[in-house]
*Asks:* 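I'd like to ask some things about the structure below.
Chain identifiers are assigned alphabetically (A, B, ...) following the order of the sequence lines, protein sequences preceding nucleic acid strands; residue numbering begins at 1 within each chain.
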There are 2 protein chains.
Amino acid sequence: MEKQTITIYDVAREANVSMATVSRVVNGNPNVKPATRKKVLDVIDELDYRPNAVARGLASKKTTTVGVIIPDVTNLYFASLARGIDDIATMYKYNIILANSDQNNHKEIQVLNTLLSKQVDGILYMGNNLTPELRAEIVRSKTPIVLAGTIDSDHVVASVNIDYKVATQEAVQKLIENGHKKIAFVTPSLKNTFATDLRLDGYKEALAVAKIDYNEKFVYEIPLTYQAGEALADKLLHAGITAAVVTDDEAAVGLLNGLYDHGVNVPKDFEVISSHNSKLTKMTRPTLTTIAPPLYDIGAVAMRLLTKIMNKEEIVDAEITLPYKIEYRQTTK
Amino acid sequence: MEKQTITIYDVAREANVSMATVSRVVNGNPNVKPATRKKVLDVIDELDYRPNAVARGLASKKTTTVGVIIPDVTNLYFASLARGIDDIATMYKYNIILANSDQNNHKEIQVLNTLLSKQVDGILYMGNNLTPELRAEIVRSKTPIVLAGTIDSDHVVASVNIDYKVATQEAVQKLIENGHKKIAFVTPSLKNTFATDLRLDGYKEALAVAKIDYNEKFVYEIPLTYQAGEALADKLLHAGITAAVVTDDEAAVGLLNGLYDHGVNVPKDFEVISSHNSKLTKMTRPTLTTIAPPLYDIGAVAMRLLTKIMNKEEIVDAEITLPYKIEYRQTTK
DNA sequence: CTGTTAGCGCATTCAA
DNA sequence: TTGAATGCGCTAACAG
């Protein structure tokens, strides 16, 4: 009545070989005579033997599972990265332990510790920022880690990103070309997110190039939620702003709808550029113009990079910058 | 240079106790004198000892991790369930191994096998249908399983759902009350999805009550994607249809936008009711009226149920039906 | 209340 | 090419 437990011993006995031999064929060790290999394989099939990954993990000190720290699976940006991560992980025979962190520092540390206790072979971290405490913990644990869509301002940890500064600059420049002077930059708190700094730099740079004075009143720090975006429309309108670059799709959609509710004609009287190109941006009317990072690829490349590090392969560049595009759709002229 | 490995032996030695005692305090066994407990705790803290979950899993035959089979994390419906699952799992000290299945039968079986080899304590399955082969594999493995947002037509596996039939019926009834005669029912393939049958029953029932003849031409089987929904608008319009119940939010948004692109006034000339109440439904203009299953709760309750089964607690009802609502928004009058 | 002793299922030397 | 022996780090009886 209990769970069946066919072990390596059982197949060794049935096949009249030692467990070492069974272990060899299971692990694809070439030093096995074809005949005995076949015999063992037959018995494995007959007994429906399935190697116990836990025992294997204890003996080999490799679990073939990686921990994935994600702010929230329900956020399409991160979910898209996660999809790329999982696909490549599967390709390389790894499994994913997924843990939501809510960007909460305390929870992140906690999650990291349980991942480490589970002996994951590596960690993929997603979030807006890698806090020093977290990085310290990770470095101390000597567990390979790669950041996906997340910047490490100190450049000590491997990561995969796009050039946020240049992308933002290009977006703002486009708005300037379209004749806008008062362009809002909508971002989460500047206090603790690194990529935000880069993006802000891009924003400033574009203004500088066009010789437009930077006005910090046009930088709006809001929670990156649909509701916050929606509520923001009113403020932007009152401030005489006519265009905005928003660093999150949900917030951008919110803003767009907020403008719609105010009877503003987009893009005629107001232009919006978002930043993630998640599915959402194609589901609005008008469709959202957006910076388009290769979401799936960021996750995929990050996972691939992690496999290399876990494998102790030579890494030429641990800070990968992927190309982005800007998808010009209907919220810009 | 290698990864530090502080074991239970190390702390036992430092604390001048046996490893059994250390094990006891780590596991909260009350049979330890407070004084020695404190001593051990101090050493643990000092050495920064972290129990090896793999060794623990091998010795105890419990891994405190559950496998989650999900069609696609990138689908907000399933991602929302997953969020509920993860939160409750965390609460009960379980971790989640997430595996995307793409609804692909072959991949599901494969994924199931790797989950079983990792000795997960239980499995949470999400998908449109549980195929007999998959169920057979799971039952054979004797691993506890719960279906979240998925029906088992044979009622042998535990599950958490809403009453899809009644919900659909109510939605269709509303459209009938609003004067519609030609109401489309948009669904994925009827061939292999059980909940679809239930929903279709609800659709038929509503028509029957209103003495409207059922016309199978009004049942549209399409892939549940945004694009398919968008493309569907044209067909519905040509068929003289004036309202639709769509079983997926992305498809519903697609349809809505397709109608918009055809210049159709929703809800004046066409009404739409969707089925999941994911974030998407609030992001469209007009906002989508939708059946509202308690997404997060379905996941949460499913995970809670799984913990009970894994714990061999008495289960009064293994088929849980959660209440739903219908959110009347702007795509209906 | 605490220590001793066996394994858990497998990978991995080392011999043969 | 194969087998025997050892141990990965911990839990779980069983004594004491």
*Asks:* Do the charged groups of B/Asp10 and B/Arg13 touch, with an N to O distance under 4.0 Å?
*Replies:*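 B/Arg13 and B/Asp10: salt-bridged.
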*Asks:* For residues 86-140 of chain A, which residue pairs pass the ring pair (Phe, Tyr, Trp, His ring centres under 6.0 Å) check, not counting sequence neighbours?
*Replies:*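 Listed by first then second residue: nothing to list.
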*Asks:* For B/Lys62, which residues count as a salt bridge (Lys or Arg N to Asp or Glu O under 4.0 Å) partner, sequence neighbours excluded?
*Replies:*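 Expected list: none.
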*Asks:* Are a donor atom and an acceptor atom from the side chains of B/Thr63 and A/Lys118 found within less than 3.5 Å of each other?
*Replies:*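 No, no side-chain donor-acceptor contact under 3.5 Å.
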*Asks:* Applying salt bridge (Lys or Arg N to Asp or Glu O under 4.0 Å), name anything that partners A/Lys33, two or more places apart in sequence or on another chain.
*Replies:*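 Scan of A/Lys33 (salt bridge (Lys or Arg N to Asp or Glu O under 4.0 Å), adjacent residues dropped) gives none.
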*Asks:* Under 4.0 Å between a side-chain N/O of B/Thr21 and OP1 or OP2 of C/dT2, yes or no?
*Replies:*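 No, outside the criterion.
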*Asks:* Once you build an axis from the first five pairs and another from the last five of the helix from C/dC1-D/dG16 to C/dA16-D/dT1, how far apart in angle are they, to 10 degrees?
*Replies:*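 Taking the rotation axis at each end, their angle is 30°.
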*Asks:* For B/Arg83, enumerate each residue passing the salt bridge (Lys or Arg N to Asp or Glu O under 4.0 Å) test, keeping only those at least two apart in sequence or located in another chain.
*Replies:*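 Per chain and number, B/Arg83 pairs via salt bridge (Lys or Arg N to Asp or Glu O under 4.0 Å) with A/Asp72, A/Asp102, B/Asp87.
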*Asks:* In chain order, what residues pass the side chain to side chain donor-acceptor pair (under 3.5 Å) check against A/Lys61, with sequence neighbours excluded?
*Replies:*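 Checked A/Lys61 against side chain to side chain donor-acceptor pair (under 3.5 Å); zero matches.
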*Asks:* Assess, by modelled atom type and distance only, whether the side chains of A/Asn113 and A/Ser117 contain a donor and an acceptor separated by less than 3.5 Å.
*Replies:*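 Per modelled atom types, A/Asn113 and A/Ser117 side chains form no pair under 3.5 Å.
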*Asks:* First and last nucleotide of DNA chain D touching chain A, 5' to 3', heavy-atom cut-off 4.0 Å?
*Replies:*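 Both ends considered, the range comes out as D/dT1 to D/dG9.
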*Asks:* By side chain to side chain donor-acceptor pair (under 3.5 Å), which residues pair with B/Tyr77, not counting sequence neighbours?
*Replies:*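 Result, side chain to side chain donor-acceptor pair (under 3.5 Å) vs B/Tyr77: none returned.
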*Asks:* For B/Thr90, give me all partners under side chain to side chain donor-acceptor pair (under 3.5 Å), at least two apart in sequence or on another chain.
*Replies:*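 Residues passing side chain to side chain donor-acceptor pair (under 3.5 Å) with B/Thr90: none at all.
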*Asks:* Indicate for each nucleotide in nucleotides 6-16 of chain C, in 5' to 3' sequence, whether protein heavy atoms under 4.0 Å reach the base (B), only the sugar-phosphate (S), or nothing (-).
*Replies:* -BBBBBB----
*Asks:* Could you tell me which residues satisfy side chain to side chain donor-acceptor pair (under 3.5 Å) with B/Arg135, sequence neighbours excluded, listed by chain and number?
*Replies:*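 So B/Arg135 forms a side chain to side chain donor-acceptor pair (under 3.5 Å) with B/Asp152, B/Asp154.
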*Asks:* Picking from A/Leu124, A/Asp86, A/Val120, what satisfies side-chain contact (heavy atoms from CB on, under 4.5 Å) with A/Ile96?
*Replies:*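 With A/Ile96 as partner, A/Leu124, A/Asp86, A/Val120 yield a single side-chain contact (heavy atoms from CB on, under 4.5 Å), made by A/Asp86.
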*Asks:* Just to be sure I understand the geometry, which residues of residues 28-40 of chain A put a non-hydrogen atom under 4.0 Å away from DNA chain C?
*Replies:*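 None, since no heavy atom is under 4.0 Å.
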